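Down below is the structure, laid out as structure tokens.
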Amino acid sequence: MRRSSEPLIAETQIQAAVTRLAAEISERYRNCDTLVMVVVLKGGTIFASDLMRRISLPLAVEYIRAKSYDGIDSLGDVLLPVLPEQPLRGKSVLVIEDILDTGRTTSAIMKTLNEHDPASLELCVLLDKPSRRVVPVDAQYIGITIEDRFVVGYGLDHDERYRNLPEIYTLEEE
Ligand code: 5GP
Ligand code: MG
């Protein structure tokens, strides 16, 4: 497999979506002094670093890592081997993800973080593939909705490759 020669989503289109999301988030959290961005490793890091630099509010950044047990289909069977360092209790928590697909991992992440008793818990994703959804997930901030294609670039990998590309590509047979 290799990436398509032409991008599916150009850098300018990604950056416009990031700017719009930053404005929405800035408006929503403008009176909040305890915003904690929880970035889901590894795919969310590129998106989050662009996004947070366009939010001129005081905020803290935490990272989590999610691993799902392969072959087990039930919700909640997701390990979080990297957890936030600071307590989330009473904080306004915003989860940053690269892409929303089946919703399995993301809903398990939201469920686990909710057990930390945050004051509020919202989700921001750069990409959404709604046609793939198996588990319902509420994302308050969505960058770009796409068809059911496997995409790489701008944080998204295939076997750890392509994360550094500034555009988003589809994956194709060689
Ligand atoms: P979900 O729990 O929504 O099925 O899974 C979301 C995770 O699956 C994402 O955080 C991402 O790691 C991975 N994923 C889903 N779709 C894609 C895709 O099109 N490309 C890449 N590179 N990863 C994807
Ligand atoms: Mg991944």
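Remember, it's a predicted structure, so these values are computed and weren't measured experimentally. First listed ligand is number 1; within each ligand, the first listed atom is number 1.
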Geometric N/O contact H158 with ligand 1, under 3.5 angstrom: no
Proximal atoms of ligand 1 relative to D157 (non-hydrogen, under 4.0 Å): 21 (C), 22 (N)
Ligand-residue contact atoms, ligand 1 with R149, heavy atoms, under 4.0 Å: 19 (O)
Distance-only side-chain donor-acceptor flag, Y141 / E122, under 3.5 Å: yes
Backbone of D101 reached by a side-chain donor or acceptor of R133 within 3.5 Å: yes
Set of residues satisfying salt bridge (Lys or Arg N to Asp or Glu O under 4.0 Å) with respect to D138, sequence neighbours excluded: none
Main-chain N/O of L123 paired to E97 side chain as donor or acceptor, under 3.5 Å: no
From V151, D98, V137 - option closest to atom 12 (O) of ligand 1 by heavy atom: D98
Ligand 1-proximal atoms of E97, by part, heavy-atom distance under 4.0 Å: side chain
Short side-chain donor-acceptor distance under 3.5 Å, E24 and Y29: no
Donor + acceptor pair across side chains of R20, Q15 (<3.5 Å): no
Within-cut-off N or O pair, G103 and ligand 1, under 3.5 Å: yes
Atoms of ligand 1, numbered as shown, that sit under 4.0 Å from any heavy atom of T106: 2 (O), 3 (O)
Those atoms of ligand 1 less than 4.0 Å from some heavy atom in K129: 16 (N), 17 (C), 18 (C), 19 (O)
